[in-house]
Amino acid sequence: MSFYIGREASKLWKRICAETTTEINLLVENWKYILGGLICQYIHGLAARGVHYFHRPGPLLQDTGFYLLPELGPERAYVSETVFTFIFLSFVLWTFHPFMFKTKKIYTVLIWCRVLAFLVACQMLRIFTFYSTILPGPNYHCREGSRLATLPRPDNLLEVLLIIPRGVLYGCGDLIFSSHMIFSLVFVLTYQKYGTRRFIKQCAWLIAVVQSLLIIASRKHYTVDIVVAWYTVILVVFFVDHNLPEMPDRSIGALLLPLSKDSRIKEVNKLVNGNTGDPIQRPRSQANGKVNEDSDNVHVEVLDTA
């Protein structure tokens, strides 16, 4: 029994090492896209904090969702945040599952390049909209009488550029459209395309709907913020995804790595012979390579297309 556990642990460790090597190669090639996406996340947070300085509390706008959904109250505001945290962490863990499991369909670095492209496009549109018209926030800390409804004039530039978690949770003015729904819908749409479990896909869409209703019931956004998020994010993801190069599908042995000729041969043979834990696939003849077979093993000879 202990021998079997040790053997499986050794296989898992080899799989993690091989996957790490592959992902590092991809990260070296695509680090500019990852860094650019992260910088845009900071810019989005900076813009959301900046609009808080201009926010002025006022009477709540007439909202259909507020009439139809019972108010959860400030003491239950954590419910919607808990659901969002579950969606966020679940998606992050799924993007790293190739390091642990044999069945792999995605590359972690490439999937995050795609996700960041979706997020940046949606967030840039969001910045334009909430700076165009600053609505009085419906959240409890944004209403008249709350000391958090308007930020005092900053004393220095560092105070403006420094984003703290408390400021993210208690922001006001960045309403149309919901940032929580941007992340949730981008994650759900990405799993819808690259995920493999139909049941999980159905549950993901259901959780996204529940998340929308909880945000309105918590009075964190108006209904229009949620409605606009749904059709805007779906359309933006469709457009951006259509214009991006298709991501290679690992389940059929495809490989797209910025490696030398000798390295490509080694990496392809790893995928074909199962050294990385991927299912053994018999690759077909392609324009840039051919398959040679003998009685003992299957290997791929990569032709130089230069």
Side-chain angles (χ1 to χ4, degrees), residues 31-61 72-85 87-89 92 112 115-187 211 214-216 218-222 224-226 228-229 232-233 236:
W31 68 270
K32 295 180 181 179
Y33 304 109
I34 299 292
L35 180 61
L38 295 177
I39 291 176
C40 287
Q41 297 305 303
Y42 171 75
I43 293 174
H44 172 258
L46 199 64
R49 177 172 174 80
V51 78
H52 196 169
Y53 287 103
F54 301 103
H55 175 261
R56 295 294 180 269
L60 293 183
L61 305 179
L72 291 180
E75 67 280 358
R76 296 186 182 88
Y78 69 91
V79 177
S80 65
E81 293 298 330
T82 302
V83 174
F84 174 75
T85 302
I87 296 174
F88 188 92
L89 294 180
V92 171
W112 275 107
V115 167
L116 287 172
F118 300 152
L119 292 176
V120 169
C122 293
Q123 288 168 340
M124 292 303 105
L125 291 176
R126 181 174 187 261
I127 292 174
F128 291 143
T129 55
F130 67 63
Y131 268 104
S132 299
T133 302
I134 304 175
L135 303 176
N139 211 334
Y140 303 101
H141 64 269
C142 299
R143 300 179 184 181
E144 292 184 279
S146 173
R147 61 182 181 85
L148 299 175
T150 302
L151 291 179
R153 184 182 297 274
D155 297 327
N156 51 65
L157 183 61
L158 180 62
E159 186 178 343
V160 177
L161 299 178
L162 183 62
I163 301 176
I164 58 177
R166 180 179 175 84
V168 175
L169 294 175
Y170 292 96
C172 297
D174 56 328
L175 293 175
I176 300 177
F177 41 97
S178 171
S179 179
H180 283 61
M181 292 309 303
I182 290 178
F183 280 91
S184 299
L185 290 173
V186 165
F187 293 164
Q211 167 80 358
L214 288 175
I215 290 176
I216 298 173
S218 300
R219 303 304 189 252
K220 294 180 179 179
H221 279 277
Y222 293 108
V224 65
D225 306 336
I226 305 301
V228 171
T232 301
V233 174
V236 168

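Owing to the predicted nature of the structure, the values given are computational and were not obtained by experimental measurement.
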Subject >> Non-hydrogen side-chain atoms of Leu119 and Gln41 separated by less than 4.5 Å >> reply: yes
**OP:** Using a cut-off of 6.0 Å, state whether more than 12 heavy atoms not belonging to Tyr140 lie near its atom OH.
**Re:** yes
**OP:** Please confirm whether the backbone N or O of Ile176 pairs with a side-chain atom of Arg126, one donor and one acceptor, at under 3.5 Å?
**Re:** no
**OP:** Determine yes or no for a side-chain-to-main-chain donor-acceptor pair under 3.5 angstrom, with His180 supplying the side chain and Glu81 the backbone.
**Re:** no
Subject >> Nearest atoms (heavy-atom pairs only) where Arg143 meets Pro57 >> reply: C-CB, 3.8 Å
Original post:
Is there side-chain contact between Cys122 and Thr232, with at least one heavy-atom pair below 4.5 Å?
Top reply: no
Original post:
Which is it for Met181 and Val233 under the side chain to side chain contact (heavy atoms under 4.5 Å, CB included) test, yes or no, and what are the steps along the way?
Top reply: CA-CA 8 Å; Met181 292 309 303; Val233 174; 6.0 Å; no
**OP:** Give a yes or no on whether the backbone of Ala47 and the side-chain of Tyr131 come within a donor-acceptor separation of less than 3.5 Å.
**Re:** yes
Subject >> Ser184 side chain reached by Phe84 side chain, heavy atoms, under 4.5 Å >> reply: yes
**OP:** Find out whether Ser179 and Asp174 are in side-chain contact, i.e. whether some heavy atom of one side chain is under 4.5 Å from a heavy atom of the other.
**Re:** no
Original post:
Minimum heavy-atom separation for Ala149 to Cys142, with atom names?
Top reply: CB-O, 3.7 Å
**OP:** Kindly indicate whether the side chain of Thr85, heavy atoms from C-beta on, has any atom under 4.5 Å from the side chain of Tyr78.
**Re:** no
Subject >> Ion pair check, Asp225 and Lys220, cut-off under 4.0 Å >> reply: no
Original post:
How long is the gap from CG on Leu135 to OG1 on Thr129, to the nearest 0.5 Å?
Top reply: 9.5 Å
Subject >> OG-CD1 distance between Ser132 and Ile127, expressed to the nearest 0.5 angstrom >> reply: 11.5 Å
**OP:** Would you confirm whether Tyr42, through its side chain, and Leu161, through its main-chain N or O, come within 3.5 Å as a donor-acceptor pair?
**Re:** yes
Original post:
Is any side-chain heavy atom of Leu151 less than 4.5 Å from a side-chain heavy atom of Arg49?
Top reply: yes
**OP:** Provide the closest heavy-atom pair for Ile34 versus Leu116 in the form atom of the first, atom of the second, distance.
**Re:** O-CD1, 3.8 Å
Original post:
Any side-chain heavy atom of Leu125 within less than 4.5 Å of one from Phe177?
Top reply: yes
Subject >> Closest non-hydrogen atom pair between Ile134 and Gly173, with its separation >> reply: CG2-CA, 4.2 Å
**OP:** Quick one: do Tyr222 and Leu175 satisfy side chain to side chain contact (heavy atoms under 4.5 Å, CB included)? Show the steps, please.
**Re:** CA-CA 8 Å; Tyr222 293 108; Leu175 293 175; 3.8 Å; yes
Original post:
Between Phe187 and Trp112, how do the two ring planes meet: parallel, tilted or perpendicular, split at 30° and 60°?
Top reply: perpendicular
Subject >> Spatial distance of atom CD1 (Ile43) from atom CD1 (Ile163) [nearest 0.5 Å] >> reply: 10.0 Å
Original post:
When you look at OH of Tyr53, are more than 12 heavy atoms from neighbouring residues, nucleotides or ligands closer to it than 6.0 Å?
Top reply: yes
**OP:** Determine yes or no for a side-chain-to-main-chain donor-acceptor pair under 3.5 angstrom, with His141 supplying the side chain and Gly171 the backbone.
**Re:** yes
Original post:
Do you know the tightest heavy-atom contact between Ala121 and Val236?
Top reply: CB-CG1, 3.6 Å
Original post:
Any idea which heavy atoms bring Ser80 and Ala77 closest together, and the distance?
Top reply: OG-O, 3.4 Å
